[in-house]
Amino acid sequence: MDRISARRDRKRSDHQLPEPIGLAASFNAPLVKEVAGAIGTEVRALHTLGRQTGELGRIGTGLDTWSPNINIFRDPRWGRGQETYGEDPFLTARIGVAFVEGMQGPNPDLPNVIATPKHFAVHSGPETTRHKANVFVSQHDLEDTYLPAFRAALVEARAQSVMCAYNRVDGQPACASDELLKDHLRGAWKFDGYVVSDCDAVQDISDNHRYAPDIAAGVAAAVRAGVDNECHTATLGPTPPPLWQRYREALDRHLITEADIDRALIRLFAARYRTGDLAGVRQDGPVPASAIGTAEHQALALKAAEESLVLLKNDGILPLKPGARIAVIGPLGDATRVLRGNYSSPASAPRSLSSTACAGHCPTRRSSTPRRESR
């Protein structure tokens with residue numbers, strides 16, 4: 001176990017917040033804002049811990065978060081609907097705004113943690129074709145369904161980052177889209193933050209969408225459209241390849257200019273100064289590691305869990321006798337790993353609702369072993 005994982009485990013949070021689909025089911029935007037504020041506090045505390053352990057730069061130590069997922073979820077076959085706020089553009093927008101405001105804090109010019117609404121845009125599965133799908137959408141559906149939540153999160157809540165999606169939209173990859181990144185984002189919405197790609201989405205421009213003839217032309221298309229930061233899964237390995245060479249080639253071939261590179265660097269380093277990752281702008285001190293897993297945050301997690309529950313009234317549709325007890329059985333009946341959901345912390349202790357309700361009077365059962373998250 002590496003040092004930051006060991007330190008984080010000793011300070012492990014015994015609370016797990018509901019997934020976004022559960023938070024949306026609360027229909028309580030102020031609660032979601034409070035939840036996001038607590039998450040932001042713990043993210044800044046993990047940043048402090050990363051500095052203390054010399055592990056700054058690892059996933060989980062930065063002052064940005066790739067949330068919220070404000071894609072519209074209308075097809076359960078997508079498989080990632082639990083990451084979203086559901087099917088309604090209005091509710092998604094209101095909950096998205098609350099999350100961004102809570103995460104970034106009261107001053108978006110000096111955000112506590114940068115929020116990154118994703119995946120921009122028209123990205124709602126299926127997973128199996130996301131790296132090559134070409135989604136055709138009418139202008140009415142684009143404006144009425146897929147863009148309202150992004151517009152609210154970026155214009156109203158002033159999220160300082162946005163993630164472009166894997167898929168194409170009307171022929172152009174989302175991470176090289178003139179309509180999305182230039183016309184809407186930078187043009188109509190006057191967005192002045194930075195754009196980060198979904199992981200390997202820039203490589204998809206040439207390799208899977210065949211929109212560019214080679215990888216240098218692909219990265220150039222992304223940079224010219226306004227992508228400032230590329231997520232590439234090769235950087236997660238122990239010996240990442242020299243990915244910068246693709247940009248060097250694009251520059252040498254005059255596919256991009258030094259002004260294009262300067263623009264991206266200014267946006268990225270300005271964000272680091274505003275969060276306090278680089279010294280010189282913020283005057284507040286670091287959030288101590290003791291802010292992780294506090295009693296207040298545990299109480300908030302319980303409140304959020306209680307408000308996320310949706311009880312359906314049985315008016316005779318289900319053939320159940322009044323007062324009947326229902327058993328949850330099957331391979332996932334007591335799978336605490338499933339309760340924790342995806343993109344959650346293995347350091348959080350998963351608990352089933354049944355074990356919590358037993359209050360020490362239920363038979364002891366061994367929890368499933370938390371596994372490393374997959375991307």
Side-chain angles (χ1 to χ4, degrees), residues 1-20 23 30-69 98-117 157-161 196 236 268-269 271-305 340-351 370 372-373:
M1 182 179 289
D2 59 73
R3 284 179 292 170
I4 191 168
S5 295
R7 290 284 298 278
R8 183 168 52 197
D9 188 62
R10 288 198 295 271
K11 296 181 177 296
R12 62 187 293 164
S13 297
D14 286 330
H15 65 281
Q16 185 69 45
L17 292 159
E19 292 206 59
L23 290 174
L31 174 64
V32 173
K33 183 175 180 178
E34 188 178 1
V35 163
I39 297 171
T41 296
E42 295 204 5
V43 169
R44 288 191 70 86
L46 285 172
H47 182 77
T48 301
L49 185 59
R51 289 188 180 276
Q52 293 173 347
T53 58
E55 297 288 346
L56 199 62
R58 293 178 63 87
I59 292 177
T61 64
L63 292 178
D64 65 294
T65 179
W66 287 350
S67 291
N69 183 338
F99 188 93
V100 170
E101 290 179 344
M103 179 66 66
Q104 295 193 156
N107 184 0
D109 290 324
L110 296 173
N112 294 329
V113 176
I114 289 177
T116 306
R158 294 185 61 194
Q160 296 298 299
S161 174
V196 59
L236 300 177
L268 293 171
F269 277 88
R272 295 182 65 188
Y273 277 110
R274 291 200 299 267
T275 60
D277 183 35
L278 296 177
V281 175
R282 293 184 71 112
Q283 303 301 318
D284 52 338
V287 175
S290 59
I292 300 171
T294 63
E296 291 79 9
H297 289 177
Q298 292 178 31
L300 178 61
L302 177 59
K303 178 182 179 182
R340 205 179 76 224
N342 65 335
Y343 287 117
S344 57
S345 171
S348 295
R351 300 179 185 178
R372 181 176 296 275
E373 306 294 335

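Keep in mind it's a predicted model, so treat the numbers as computed, not measured.
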When rounded to the nearest 0.5 Å, the distance separating CG of Leu46 from CD1 of Ile59 is 13.0 Å
Restricting to non-hydrogen atoms, name the atom on Ala157 and the atom on Glu101 that form the minimum distance, rounded to 0.1 Å.
CB-CG, 3.9 Å
Rounded to the nearest 0.5 Å, what separates atom CG in Leu56 from atom CG in Leu63?
8.0 Å
Can you list everything that forms a side-chain contact (heavy atoms from CB on, under 4.5 Å) with Val287? Sequence neighbours excluded, please.
Thr41, Arg44, Ala45, Ala291
Under 3.5 Å: donor-acceptor pair, side chain of Gln298, backbone of Gly293
yes
What I'd like to find out is whether the side chain of Leu31 reaches to under 4.5 Å of the side chain of Lys303, using heavy atoms alone.
yes
Check whether any side-chain heavy atom of Phe99 sits under 4.5 Å from a side-chain heavy atom of Val35, and report yes or no.
no
State, yes or no, whether a side-chain contact exists between Ser67 and Thr116 at a heavy-atom distance under 4.5 Å.
no
Can you pull the salt bridge (charged side-chain N to carboxylate O under 4.0 Å, His left out) pairs that have at least one residue in residues 287-297, sequence neighbours excluded?
none
Under the salt bridge (charged side-chain N to carboxylate O under 4.0 Å, His left out) rule, collect the residues that match up with Arg158, sequence neighbours excluded.
Asp109
With the side chain counted from C-beta on, respond yes when Pro288 and Thr48 share a heavy-atom pair under 4.5 Å apart, and no when they do not.
no
Could you tell me which residues satisfy salt bridge (charged side-chain N to carboxylate O under 4.0 Å, His left out) with Asp64, sequence neighbours excluded, listed by chain and number?
none
CG/Leu302 to NE2/His297 distance, rounded to the nearest 0.5 angstrom?
14.5 Å
What are the two closest non-hydrogen atoms of Gln283 and Val281, and how far apart are they?
NE2-O, 3.4 Å
What's the spacing between Asn107 CG and Asn112 CG if we round to 0.5 Å?
9.0 Å
Leu49 side chain reached by Thr61 side chain, heavy atoms, under 4.5 Å:
no
Identify the heavy atoms of Gly62 and Val43 that sit nearest to each other, and give their distance.
O-CG1, 3.4 Å
Could you report the tightest heavy-atom contact between Leu300 and Ala38, atom names first, then the distance?
CD2-CB, 3.7 Å
Can you list the residues that meet the side-chain contact (heavy atoms from CB on, under 4.5 Å) rule with Pro111, with sequence neighbours excluded?
Gln104, Ile114, Gln160, Arg274, Thr275
Could you tell me which residues satisfy side-chain hydrogen bond (donor to acceptor under 3.5 Å, both in side chains) with Arg51, sequence neighbours excluded, listed by chain and number?
His47, Asp277
Taking Thr65 for the side chain and Ala115 for the main chain, is one N or O donor matched with an acceptor at less than 3.5 Å?
no
